[in-house]
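Each chain gets a letter, A, B and so on, in the order the sequences are listed, and its residues count up from 1. Note: hydrogens, waters and symmetry copies are ignored here, and every other heavy atom, side chains too, is used.
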Amino acid sequence: MRGPTRSHAGPIARREKMAPTKEAMPALPISVSVRLRSWRMMARSGGMEKVEKKQEKRESHARKSDEVDQILKEFNGFNLVAHNFLISANVDCGSLDEARRLFDEMPERNEVSWTALISGFMKYGRVKESIWYFQRNPFQNVISWTAVISGFVQNGLNFEAIKHFQRMLESGVMPNNITFTSVIRACTDLGDFGLGMSVLPLIVKVGFEDNVSVSNSLITLNLRVGEIELARRIFNQMEKRDVITWTAILDMYVEMGDLGEARRIFDEMPERNEVSCSAMIARYSQSGNAEEALELFCQIMQDGFKPNTSCFSSVIKALSSLKGLQAGKIIHGHVVKLGIERDLYVSSSLIDLYCKCGKTEDGRLLFDSIWEKNVVCWNSMVSGYSLNGLIEEARELFDQIPKKNNVSWNTMVAGYLENEQFDKVFEVFNEMLLSGETPNKSTFSSVLCACASLASLEKGKNLHGKVIKLGIQYDIFVGTALTDMYAKSGDIESSKWIFNRMPKKNEITWTAMIQGLAENGFAEETLTLFDEMRRTSSVAPNELILSAVLFACSHCGLIDKGLWYFNSMEKVYGISPNERNYSCVVDMLSRSGRLSEAEEFIKSMPFQPDASAWAALLSGCNTYADERIAERTAKTLCKLAEKKSGGYVLLSNIYASAGRWIDVLNTRKLMKEKGLKKSSGCSWVEVRNQVHLFNSQDGTHSQSAEMYEILELLKSEMLAL
DNA sequence: TTAGGGTTAG
């Protein structure tokens, strides 16, 4: 039989009911005690899989139970210590009902019996039952109070934990180091720095300010709320430090963005264990330093360290970002060999790995092989489908998720965005709201991005209002999405307003703003902001930023500056200029009349120049009336038009913009002869959150007849005036 | 009775 919350081997002592005797309770022999303890330790350290394997080799589960029964019989059927051990052993294996049965049967219980059951219920999320026993517990000492407080914290009920801490103090029981550790953890999880630090005077009063566990939890509290200096001060003041202190301090440097220093600490740590190793690998992996994560993993393997499941899940994550399918398969082999493929962290990251490497079917096979899937497995598979363009499969699976969380919704929203089905983005977003799930930073950044793609200012403004209500408008992801949305919708002032108030900006934030300014024609501001970025931030210019800068230089007439930026792209920033960048330079030179230079520049391009480069030159030829170059350029454009479908339309447009109307007519004539049709233009307008499309050739809009009627009416009224 | 580490969305 399986327990309610995880797989278990079943109750340990299925014994017949014995008549308990209260008198004559000799102490349990040490050998028995040790044997029971080792059983318990085994259950604890390795989980039931390990226990089951060991049992297969040595003795059957039933025999072990018989052995325990035998021991109990030897001691007149009842021994308090043995019973307590049995309760703990059952708790460790998740057989809570058997633990309770044993407890209820006991003729006499001590504080250990009570605490074992109370903490046992807490451990498996059965909070109400835990409290029921706690309230009836005659031994409400510091240990059982602490068991309840830490139990609340484990179950995410942090306010309850604090409340019980207050009640404990009111009842006159003094906290110990473990109580303080649990209470500080509750404050950390609540993100309440003030509350956490308000416990400090009591810690000093009771004399635990030098305790390693208490200091460790205080360091973590400070790091979580960004009080890095205070965390460092606590660390410096500690006389004794353990492996947990050192692991926590790794986080401090990661928080400061100094992974190099974190690695130095890791290398110099006086003591390392599998947790500190997995912490370092995870930090590399989470910060996008996949190669380092992989290297460290290999190194600790070479050093003979046995990686745990955390190491595996982090290294698989690193491999999926590197698209390391082959290495991933090797790791998968190790995982199977070690029998840890059932770990949900490992299997979820493996699904992600296969999908990120384009092996969606392999990901699905793995997904189907998992018996007890959690929501992360589902989300990983949904995400896998959508990133491989299988958005319908993603939606189908999404609909089957038994208990969706906000990541499930965000995955689906992001999936539609990635697959450019913007109307679906809003549809799922609305479904999400209706389901009662609260959107978060991730949701808003995706939905705002959809608004930016549609240049849908009304929807974007509406979402901005929601974002303000949640107080997340200057978050790096949301702020960037808002900056981009306003810029793409043409509201550059609002875009600048958000950008200027963002406390932290990354490469994408700067790109959105610089590109936004350039595309909205604010050339000088583009260049000023680019200079500011170089002076004040550590962000390196990327291809998009430099394209925007070139575009701005071209529009400002800053030819030499533009050429200087163009030349520095490869030399200084290591970015190979693309066709767009080359065309931009051609445009720049042509606009300023340096036509021969522009023509030479086109010829020097490392790839086949596209129509836009020649078009820019032709436009310049028209402005500066250079017939010779114009003729050559027009011929080349004609050849290009023949090669490409739709080339004539482009050519005709180019001639039109260059004012060469005879050539326009000739091109159109040529198109007619070849039986080509000009594609129709269209425009759209957004009314009450709905985008209405208008086609220039056919009246596709359902209400076009009514619209024309109203137009006629307006016309006649205007004429009457 | 406790503190440090892991997977999926942006």
Peer 1: Among B:dG6, B:dA3, B:dT1, find the nucleotide with the atom closest to the side chain of A:Thr146.
Peer 2: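 Side chain of A:Thr146 sits closest to B:dT1.
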Peer 1: So A:Asp343, base contact, sugar-phosphate only, or nothing? Heavy-atom distance under 4.0 Å.
Peer 2: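 It contacts base atoms.
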Peer 1: From B:dT8, B:dT2, B:dG10, pick the nucleotide closest to the side chain of A:Lys441?
Peer 2: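 Of all the options, the side chain of A:Lys441 is nearest to B:dG10.
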Peer 1: Measure centre to centre between the rings of A:Trp378 and A:Phe398, then say whether the value is under 6.0 Å.
Peer 2: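 No - the distance between ring centres of A:Trp378 and A:Phe398 does not fall below the 6.0 Å cut-off.
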Peer 1: Check A:Asn155 against A:Gly125 and note the closest heavy-atom contact, atom names and distance.
Peer 2: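 Heavy-atom minimum between the residues: OD1-CA, 3.2 Å.
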Peer 1: Tell whether A:Thr220 reaches the base of B:dG4 with its side chain through a donor-acceptor pair below 3.5 angstrom.
Peer 2: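 Check fails, no donor-acceptor contact within cut-off.
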Peer 1: Can you identify which nucleotide, out of B:dA3, B:dT8, B:dG10, has its nearest atom closest to the A:Asn216 side chain?
Peer 2: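 Of the candidates, B:dA3 comes closest.
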Peer 1: Can you identify which nucleotide, out of B:dT2, B:dG10, B:dA9, has its nearest atom closest to the A:Ile178 side chain?
Peer 2: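 The nucleotide sitting nearest to the side chain is B:dT2.
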Peer 1: Would A:Phe134 and A:Trp145 count as a close aromatic pair, with their ring centres under 6.0 Å?
Peer 2: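 That pair passes the under 6.0 Å test.
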Peer 1: Would A:Glu160 and A:Lys163 count as a salt bridge (Lys or Arg N to Asp or Glu O under 4.0 Å) if you check the C-alpha gap in whole Å, the side-chain angles of each, and the deciding distance to 0.1 Å?
Peer 2: CA-CA 5 Å; A:Glu160 283 300 316; A:Lys163 252 193 247 167; 3.1 Å; yes
Peer 1: Between atom CG in A:Leu338 and atom C1' in B:dG6, what is the gap in whole Å?
Peer 2: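 It is 16 Å, rounded to the nearest whole Å.
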Peer 1: Can you check whether any acceptor in the base of B:dT7 is under 3.5 Å from a donor in the side chain of A:Ser349, or vice versa?
Peer 2: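 Check fails, no donor-acceptor contact within cut-off.
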Peer 1: Between A:Leu353 and A:Gly328, what is the shortest heavy-atom contact and its length?
Peer 2: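 Shortest heavy-atom separation between A:Leu353 and A:Gly328 comes out as CD2-CA, 3.6 Å.
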Peer 1: When you get a sec, tell me which of B:dT7, B:dT1, B:dT8 is the closest nucleotide to the side chain of A:Ser383?
Peer 2: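 Per side-chain heavy atoms of A:Ser383, the pick is B:dT8.
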Peer 1: Write down the distance between CZ (A:Arg224) and P (B:dG4), rounded to a whole number of angstrom.
Peer 2: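 Spelled out: CZ on A:Arg224 to P on B:dG4 is 7 Å.
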Peer 1: Establish, from distance only, whether the side-chain atoms of A:Arg364 and A:Tyr354 form a donor-acceptor pair under 3.5 Å.
Peer 2: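 No, because no side-chain N or O of A:Arg364 sits under 3.5 Å from a partner of the opposite role on A:Tyr354.
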Peer 1: Quick one: label A:Ser119 by what it contacts on the DNA or RNA (base, sugar-phosphate, nothing), any heavy atom closer than 4.0 Å.
Peer 2: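 Sugar-phosphate, no base atom in range.
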Peer 1: When the distance from CD of A:Glu271 to P of B:dG4 is rounded to whole Å, what number comes out?
Peer 2: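 Computing the A:Glu271:CD to B:dG4:P distance gives 16 Å.
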Peer 1: Should A:Lys356 be listed as having a side-chain N or O under 4.0 Å from OP1 or OP2 of B:dA9?
Peer 2: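 Answer yes for this pair, as a side-chain N or O of A:Lys356 is under 4.0 Å from OP1 or OP2.
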Peer 1: Let's see if you can work this out: which of B:dT2, B:dG6, B:dT8 has an atom nearest to the side-chain heavy atoms of A:Val376?
Peer 2: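 Selected nucleotide (nearest to the side chain): B:dT8.
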Peer 1: For the side chain of A:Tyr345, starting at C-beta, report the closest nucleotide among B:dA3, B:dG10, B:dG6.
Peer 2: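 So the nucleotide nearest the side chain must be B:dG6.
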Peer 1: Closest heavy-atom contact between A:Ser314 and A:Ser285?
Peer 2: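 The answer is O-OG, 3.1 Å.
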Peer 1: Not counting sequence neighbours, which residues clear side-chain contact (heavy atoms from CB on, under 4.5 Å) with A:Glu227? List them please.
Peer 2: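 Testing A:Glu227 for side-chain contact (heavy atoms from CB on, under 4.5 Å), a comparison that skips the adjacent residues, returns A:Phe193, A:Asn222, A:Val225, A:Leu230.
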Peer 1: Please determine if A:Lys505 forms a cation-pi arrangement with A:Phe499, meaning its NZ or CZ atom is less than 6.0 Å from the six-membered ring centre and no more than 45° off the ring axis.
Peer 2: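 The answer is yes; both the distance and angle limits are met.
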Peer 1: In residues 130-145 of chain A, which ones come under 4.0 Å of DNA chain B, going by heavy atoms?
Peer 2: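 DNA chain B contact set from residues 130-145 of chain A: none.
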Peer 1: Base, sugar-phosphate alone, or nothing: which one does A:Asn176 contact when heavy atoms must sit under 4.0 Å apart?
Peer 2: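 If one applies the 4.0 Å heavy-atom cut-off, A:Asn176 turns out to touch a base.
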Peer 1: In whole angstrom, what separates A:Arg283's CZ from B:dG4's P?
Peer 2: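 It is 11 Å, rounded to the nearest whole Å.
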Peer 1: Roughly, in whole Å, what's the span from CE in A:Met381 to P in B:dT8?
Peer 2: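 Atom CE in A:Met381 sits about 14 Å away from atom P in B:dT8.
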Peer 1: Nearest to the side chain of A:Lys317 - B:dG6, B:dT8, B:dA9?
Peer 2: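 Nearest to the side chain of A:Lys317 among the choices is B:dT8.
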Peer 1: Side chain of A:Ala147: nearest nucleotide among B:dA9, B:dG6, B:dT1?
Peer 2: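 Nearest listed nucleotide: B:dT1.
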Peer 1: Could you grab the distance from atom CG of A:Leu169 to atom CG of A:Leu202, nearest 0.5 Å is fine?
Peer 2: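 Spacing of CG (A:Leu169) from CG (A:Leu202) equals 6.0 Å.
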Peer 1: Within the structure, does a side-chain N or O atom of A:Gln154 lie under 4.0 Å from either OP1 or OP2 of B:dT1?
Peer 2: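 Answer no for this pair, as no side-chain N or O of A:Gln154 is under 4.0 Å from OP1 or OP2.
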Peer 1: For A:Asn379 and B:dT8, what is the distance between atoms CG and C1' respectively, to the nearest whole Å?
Peer 2: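 Interatomic distance, CG of A:Asn379 to C1' of B:dT8: 5 Å.
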Peer 1: Let me know the distance between CZ of A:Phe208 and C1' of B:dT2, rounded to the nearest Å.
Peer 2: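 After rounding, the reported distance stands at 12 Å.
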Peer 1: Hey, are A:Asn216 and A:Ser213 close enough side-chain-wise for a donor-acceptor pair under 3.5 Å?
Peer 2: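 No - no donor-acceptor pair under 3.5 Å links their side chains.
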Peer 1: Which part of the nucleic acid, if any, lies within contact of A:Asn273, taking any heavy atom under 4.0 Å across all strands shown: a base, the sugar-phosphate backbone alone, or nothing?
Peer 2: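 A:Asn273: base contact, heavy atoms under 4.0 Å.
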Peer 1: Starting at CD of A:Glu274 and ending at P of B:dG4, how long is that distance when rounded to a whole Å?
Peer 2: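 After rounding, the reported distance stands at 15 Å.
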Peer 1: Using a 4.0 Å cut-off on heavy atoms, which residues in residues 241-254 of chain A reach DNA chain B? List them by number, or say none.
Peer 2: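 Within this stretch, A:Asp242, A:Val243, A:Ile244, A:Thr247, A:Asp251 sit under 4.0 Å of the strand.
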Peer 1: At 4.0 Å (heavy atoms only), tell me whether A:Ser380 reaches a base, stays on the sugar-phosphate, or touches nothing.
Peer 2: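 Sugar-phosphate only.
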Peer 1: Quick one: is B:dG6 close enough that its OP1 or OP2 comes under 4.0 Å of any side-chain N or O from A:Thr309?
Peer 2: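 For B:dG6, neither OP1 nor OP2 has a side-chain N or O of A:Thr309 closer than 4.0 Å.
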